[in-house]
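For reference, the structure discussed in these notes is given below.
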Protein chains: 2
Amino acid sequence: MQSITPVRHKITLSDVAAGCGVSRATVSLVLRGSPLVNKHTRARVEEELRRQGYVYNRAAANLRRRTSSSIALVLNDLANPFFAEFAAGVDAVVGEAGFVTLLGCTSESSTREQAVLGSLIEHGPAGIILSPAEGSSAQQVLAAMGAQTPLLLFNRELGGNLPEYAHWDLLALDNQRGTRLATEHLIAQGHRRIAFFGGHRAASSCRQRHAGYTEAMQAAGLRIEPHWQLECAPTRLDAASQTAALFAAAPMPTAAVCYNDAVALGLMLGLSQRGLQPGRDFALTGFDDIAEASMSMPPLTTLTTAPLARGRQAAELLLQRLRDPTALTRHTIAPVQLVVRASSCPPPTV
Amino acid sequence: MQSITPVRHKITLSDVAAGCGVSRATVSLVLRGSPLVNKHTRARVEEELRRQGYVYNRAAANLRRRTSSSIALVLNDLANPFFAEFAAGVDAVVGEAGFVTLLGCTSESSTREQAVLGSLIEHGPAGIILSPAEGSSAQQVLAAMGAQTPLLLFNRELGGNLPEYAHWDLLALDNQRGTRLATEHLIAQGHRRIAFFGGHRAASSCRQRHAGYTEAMQAAGLRIEPHWQLECAPTRLDAASQTAALFAAAPMPTAAVCYNDAVALGLMLGLSQRGLQPGRDFALTGFDDIAEASMSMPPLTTLTTAPLARGRQAAELLLQRLRDPTALTRHTIAPVQLVVRASSCPPPTV
DNA sequence: TGCCGCATTTGGAACGATCCAAGTATGGAG
DNA sequence: CTCCATACTTGGATCGTTCCAAATGCGGCA
């Protein structure tokens with residue numbers, strides 16, 4: 001019966017070496033599975049490692065080898081299920097590659113973003129994946145993290161212009177194509193008066209989604225009424241309370257392309273409160289395909305973005321960059337896919 | 001105009017020291033804000049730090065000082081909004097305390113949990129917050145992380161019995177009291193035939209919730225029919241497909257206490273498919289108060305657990321443990337609160 | 001002038017690993 | 001018996017920081 005004795009001080013290579021009468025160097029070779037060590041010696045050392053309960057000190061090794069074994073993930077909003085799934089995807093790939101994820105949340109504050117980046121960079125991550133907070137600029141980010149560490153931007157672009165020697169990769173969703181598909185789908189259903197609802201135009205993702213809508217409307221020769229272009233915070237509550245504005249003046253829309261699912265679900269609620277049944281009296285589409293989208297009443301037509309897969313992809317892009325630091329800056333646009341459900345009905349008066 | 005020149009090698013204390021003609025020790029003192037340095041010298045050094053774009057190497061400092069500046073967070077399911085919010089709460093407090101969060105996801109696999117713990121422990125975190133995967137045991141966890149690092153268990157207890165020298169703290173939800181409150185509420189509404197629906201009895205949280213239900217039923221002298229005690233995976237889809245079993249035999253229940261919100265929402269769907277209107281023909285309660293709970297039709301009566309606050313609390317408990325490693329093991333039970341909404345209607349035949 | 005105290009600065013040894021050049025056996029060939 | 005290749009093994013320097021004991025410079029005082 002082998003018992004692992006509780007110890008007070010941390011066991012190091014030297015302890016193990018002393019414990020079985022070899023040098024530190026030999027123990028180190030054993031740890032790294034070098035073929036140089038005699039298998040007799042190896043067995044003895046491995047036994048001693050187990051016996052003393054040795055724990056590898058990766059920080060010390062990284063210091064000597066001048067390597068890093070971590071990747072920083074900085075998110076504007078972890079509580080949002082979209083980013084949570086994204087994070088799960090990142091962590092999975094990062095872990096498979098033998099790295100560890102350093103997490104940082106900025107809560108949409110660019111001030112906190114600077115602080116978080118500053119703190120994480122001191123731990124010397126091999127690279128950083130950043131989903132910027134609203135209003136964060138390239139200069140700020142550069143000041144906080146320097147130009148030494150590879151950065152992959154996710155989801156949003158940065159304000160300001162970045163110096164050319166900082167080559168930052170980008171992974172973004174095909175926002176414009178997404179809303180274009182949704183708008184074209186509504187048009188094909190017979191709708192002519194289609195609103196664009198929700199989001200803040202300050203965010204690049206919102207501008208892109210609005211552009212997709214505009215593109216489809218113009219291609220179909222349809223009118224875009226200014227009072228159908230409504231901004232609101234990307235939350236259910238705010239969307240619900242903005243619903244009335246859609247119907248404030250004639251001509252009234254028969255459908256809406258919403259900034260995202262949260263907004264669409266809020267709009268559904270607002271419609272119900274006005275006695276309109278979404279999916280029968282009014283058509284709408286979302287963006288993101290969050291879990292609730294398929295379970296809502298009616299189920300929501302939306303664009304699926306596969307956040308888990310996006311997380312994996314982001315991590316893989318960053319790993320590629322680590323392998324080849326001098327490769328050209330890469331901007332990747334991830335496809336989105338229209339999922340047609342019951343919320344995008346034909347207009348009532350067809 | 002000051003420009004930060006892009007450099008190829010990492011700037012160290014020695015570079016800065018050489019750059020302004022002082023010793024490494026002095027620069028180190030400046031970095032740590034020691035009152036020993038002359039303010040003239042301090043200014044010169046600070047200027048040089050800025051000029052060279054020096055980045056503190058916390059790993060090297062930690063090695064020398066034998067300290068740690070990270071806390072590991074290991075979660076069974078980051079994609080679940082409950083844990084995502086929890087993680088956001090943990091990270092906020094961990095960051096405020098000057099630590100950084102090391103993230104690890106186990107995807108409910110105890111094998112991955114061992115691997116993740118093994119990898120994280122090599123980075124020498126000051127402590128670990130662990131929400132165990134299903135079926136994970138104390139022995140496994142101990143083998144993976146050793147007894148040196150303080151551990152706070154969250155949400156679930158571990159199978160097996162832990163050795164007494166590993167003092168592990170615990171933060172759990174008051175599951176039993178929660179479902180007792182929900183059950184008592186349904187009884188007060190006039191229900192007599194109440195089911196317990198969903199979850200796997202293998203999980204400690206499910207057993208505790210079931211116990212709360214049993215307690216309330218027995219205290220009210222009500223019968224518990226075995227065919228009302230239904231297990232299912234804690235997902236909407238599985239819950240929906242298990243709905244029929246509730247009504248397979250007489251007597252049929254008029255209400256159900258559900259394992260969690262996901263199960264409750266699934267049950268709502270299942271009820272609708274059978275032509276029963278939840279909140280009118282059948283009453284039900286959930287657990288967790290996820291975002292959708294208040295937006296569902298009808299809004300769901302449930303137990304709110306404040307996952308963000310729980311995350312903050314978990315981090316604070318761990319920080320306390322770090323301050324006093326010899327204090328007695330602490331088991332904290334976080335209160336939950338009943339939120340009454342429309343889903344818990346009185347029975348139809350009262 | 002010599003000595004002391006104060007304020008400030010410093011060289012060198014850690015921390016726990018890895019790298020590297022050099023060391024020790026061993027056995028076979030000449 | 002010497003020499004050399006092969007198969008391991010090892011001491012010491014090193015990564016970037018902090019700690020510590022000791023050094024330095026300077027003004028004042030006897």
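None of the values given here were measured: they were computed from a predicted structure. Protein chains get the first letters and strands the later ones, always in sequence-line order, with residue 1 at the start of each.
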To the nearest Å, give me how far apart [atom1] ([X]) and [atom2] ([N]) are.
X	N	atom1	atom2	result
B:Leu31	D:dC19	CG	P	12 Å
A:Leu29	C:dC19	CG	C1'	10 Å
B:Asn62	D:dG16	CG	C1'	12 Å
B:Asn57	D:dC15	CG	C1'	9 Å
B:Asn38	D:dT24	CG	C1'	14 Å
A:Gln52	C:dG16	CD	P	13 Å
B:Arg44	C:dT9	CZ	P	8 Å
B:Arg32	D:dC20	CZ	C1'	12 Å

Under a 4.5 Å cut-off applied to non-hydrogen side-chain atoms, are A:Ile11 and A:Val16 in contact?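 A:Ile11 vs A:Val16: side chains touch.
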Once you apply a heavy-atom cut-off of 4.0 Å, does A:Ala61 come out as touching a base, just sugar-phosphate, or nothing?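 Sugar-phosphate contact only - A:Ala61 comes under 4.0 Å of backbone atoms but never of a base.
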Classify the nucleic acid contact of A:Thr41 as base, sugar-phosphate or nothing, counting any heavy atom under 4.0 Å across all strands shown.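 Touches sugar-phosphate only.
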In terms of side-chain heavy atoms of B:Ser23, which of C:dT18, D:dT17, C:dT10 is nearest?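 Nearest to the side chain of B:Ser23 among the choices is C:dT10.
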Closest approach to the side chain of A:Ala25, judged atom by atom: which nucleotide of C:dT9, C:dG16, D:dG11 is it?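 The listed nucleotide nearest to A:Ala25's side chain is D:dG11.
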Looking at [X], I'd like to know whether one of its side-chain N or O atoms comes within less than 4.0 Å of OP1 or OP2 on [N].
X	N	value
A:Thr12	C:dG16	no
B:Arg66	C:dG16	yes
A:Arg24	C:dC19	no

Looking at OG1 of A:Thr149 and CH2 of A:Trp168, how far apart are the two atoms once the value is rounded to the nearest 0.5 Å?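 So the OG1 of A:Thr149 and the CH2 of A:Trp168 are separated by 10.5 Å.
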Please figure out whether A:Thr26 or A:Arg64 has its closest DNA chain D nucleotide nearer the 5' end.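 Per heavy-atom nearest nucleotide, the more 5' residue is A:Thr26.
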Might you point out which heavy atoms bring A:Asn76 and A:Thr106 nearest each other, and give the distance in Å?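 For A:Asn76 and A:Thr106, the tightest heavy-atom pair comes out as CA-OG1, 3.1 Å.
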